[in-house]
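Here is how names work: the chains are called A, B, and so on, in the same order as the sequence lines, proteins then strands, and each is numbered from 1.
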Amino acid sequence: MLFFSYFKDLVGREVTVELKNDLAIRGTLHSVDQYLNIKLENTRVVDQDKFPHMLSVRNCFIRGSVVRYVQLPPDGVDIDLLHDATRREARGG
Amino acid sequence: MSWAGPEDFYLSTSLASYLDRKLLVLLRDGRKLLGILRSFDQFANAVLEGACERVIVGDLYCDISLGLYVIRGENVVLIGELDLEMEELPPHMTRVSEAEIKRTFKDIKVYGAEAQKVEREATDLKGSMRKRMEFLDMD
């Protein structure tokens, strides 16, 4: 639940999602759910020439199971808050 | 994919907003399916009506008609909403027939296998040359 809550706080920020098939998509985080499925808006594929079929895709739903990385803006992370939350989860779990 | 709880009302990652829209579905095996979403569930299983597979080989592409498809969610990578005001593909790409794309793909597959063999031989040659150089240095 920790990362679900964390991503909920990041809704509205620009992120780049890198998938396991090496496709990387930049977009605004629209929503996330308990499976860490992600919905992005205003998307642009990072290497557009390699993925021509994605040209007219502006919004997408990404299944959580295929995400490799979610790249965040450097100021998107409050490290101390994350540390505290992690310690709390570890104690509670 | 959760059904929206009361606190998540504006935060739903449900596919409901994509219903009855023409979508691009990317599958884990690299296939690209296009079609109209008629149904989905919490596993991202989906029903696509009027589905077709868009096969892209270089600058050529072909749409192969498939009909009504049920996709098992575990195979889904991404579901993208197509902006109808934009071109689906870059203008330099040409549409060809199914026979033509299968022929082109076969050529590339054969060429690809050849290219891999040549690359492997080059790496082996580099390795054996290196061993010879190391042997000369060792005195």
Side-chain angles (χ1 to χ4, degrees), chain A residues 1-13 15-71, chain B residues 1-5 7-18 21-34 37 40 42-46 53-61 63 71 73-93:
Chain A
M1 287 302 287
L2 201 174
F3 282 93
F4 175 37
S5 311
Y6 174 66
F7 281 129
K8 270 201 283 189
D9 290 339
L10 283 175
V11 166
R13 306 295 300 272
V15 298
T16 301
V17 181
E18 184 178 321
L19 308 181
K20 290 178 184 172
N21 66 354
D22 294 340
L23 175 62
I25 306 168
R26 185 168 55 247
T28 314
L29 185 64
H30 172 267
S31 55
V32 67
D33 66 16
Q34 53 174 317
Y35 305 111
L36 304 187
N37 296 328
I38 289 170
K39 248 188 173 179
L40 292 180
E41 298 216 311
N42 222 350
T43 56
R44 284 276 190 285
V45 171
V46 169
D47 195 350
Q48 183 71 69
D49 299 325
K50 213 170 152 206
F51 304 100
H53 48 280
M54 294 287 298
L55 187 63
S56 75
V57 175
R58 280 290 163 266
N59 306 316
C60 64
F61 164 92
I62 300 170
R63 203 169 192 271
S65 59
V66 305
V67 173
R68 184 186 290 142
Y69 304 124
V70 179
Q71 295 161 16
Chain B
M1 249 179 34
S2 51
W3 295 109
E7 70 279 10
D8 296 326
F9 187 71
Y10 292 107
L11 203 69
S12 183
T13 311
S14 164
L15 286 172
S17 64
Y18 289 7
R21 303 230 174 143
K22 184 172 181 195
L23 306 173
L24 167 76
V25 181
L26 296 186
L27 301 181
R28 280 198 343 225
D29 62 4
R31 270 189 264 213
K32 309 149 195 83
L33 301 184
L34 294 107
L37 184 70
F40 67 92
Q42 71 268 35
F43 305 111
N45 295 326
E53 180 186 346
R54 181 156 286 166
V55 181
I56 297 177
V57 182
D59 280 347
L60 307 175
Y61 76 97
D63 289 348
I71 305 170
E74 67 174 311
N75 299 292
V76 171
V77 169
L78 171 156
I79 298 181
E81 202 180 351
L82 297 168
D83 186 344
L84 298 172
E85 294 185 8
M86 287 190 68
E87 284 299 312
E88 287 177 1
L89 289 168
H92 60 84
M93 297 191 64

Engaged part of A:Asn59 at the chain B interface, taking heavy atoms whose separation is under 4.5 Å:
both
Among A:Asp47, A:Ile62, A:Val46, A:Val45, find the residue that satisfies the side-chain contact (heavy atoms from CB on, under 4.5 Å) test when tested with A:Leu23.
A:Val45
At a heavy-atom distance under 4.5 Å, which candidate from B:Leu78, B:Leu82, B:Val76, B:Leu26 has the highest pair count against chain A?
B:Leu78
Do the side chain of A:Thr43 and the main chain of A:Arg26 share a donor and acceptor less than 3.5 angstrom apart?
no
Charged N to carboxylate O below 4.0 Å: is that the case for B:Glu88 and B:Lys32?
no
More than 12 non-hydrogen atoms from neighbouring residues, nucleotides or ligands closer than 6.0 Å to CZ on A:Arg68, yes or no?
yes
A:Leu36 portion near chain B, given a 4.5 angstrom heavy-atom threshold
neither
Options A:Gln48, A:Met54, A:His53, ranked by heavy-atom pairs under 4.5 Å with chain B, top entry
A:His53
Determine the minimum heavy-atom distance between B:Arg54 and B:Leu89, stating which atoms define it.
CD-CD1, 3.9 Å
Bottom line for A:Val57: the part with an atom under 4.5 Å from chain B's heavy atoms is both
Is it the side chain or the backbone of B:Tyr61 that comes within 4.5 Å of chain A heavy atoms, both, or neither?
neither
Heavy-atom distance under 4.5 Å to chain B: side chain of A:Leu19, backbone, both or neither?
side chain
Contact class of B:Ile56 relative to chain A, heavy atoms under 4.5 angstrom:
side chain
Among B:Leu24, B:Leu34, B:Leu23, who wins on heavy-atom pairs under 4.5 Å with chain A?
B:Leu24
Among A:Ile38, A:Val66, A:Leu40, single out the residue with the greatest number of heavy-atom pairs under 4.5 Å to chain B.
A:Val66
Strictly distance-based, threshold 3.5 Å: is any side-chain N or O of A:Lys20 a donor or acceptor partner for the main-chain N or O of B:Val77?
no
Mind checking whether A:Phe3 and A:Tyr6 have parallel, tilted or perpendicular rings, split at 30° and 60°?
perpendicular
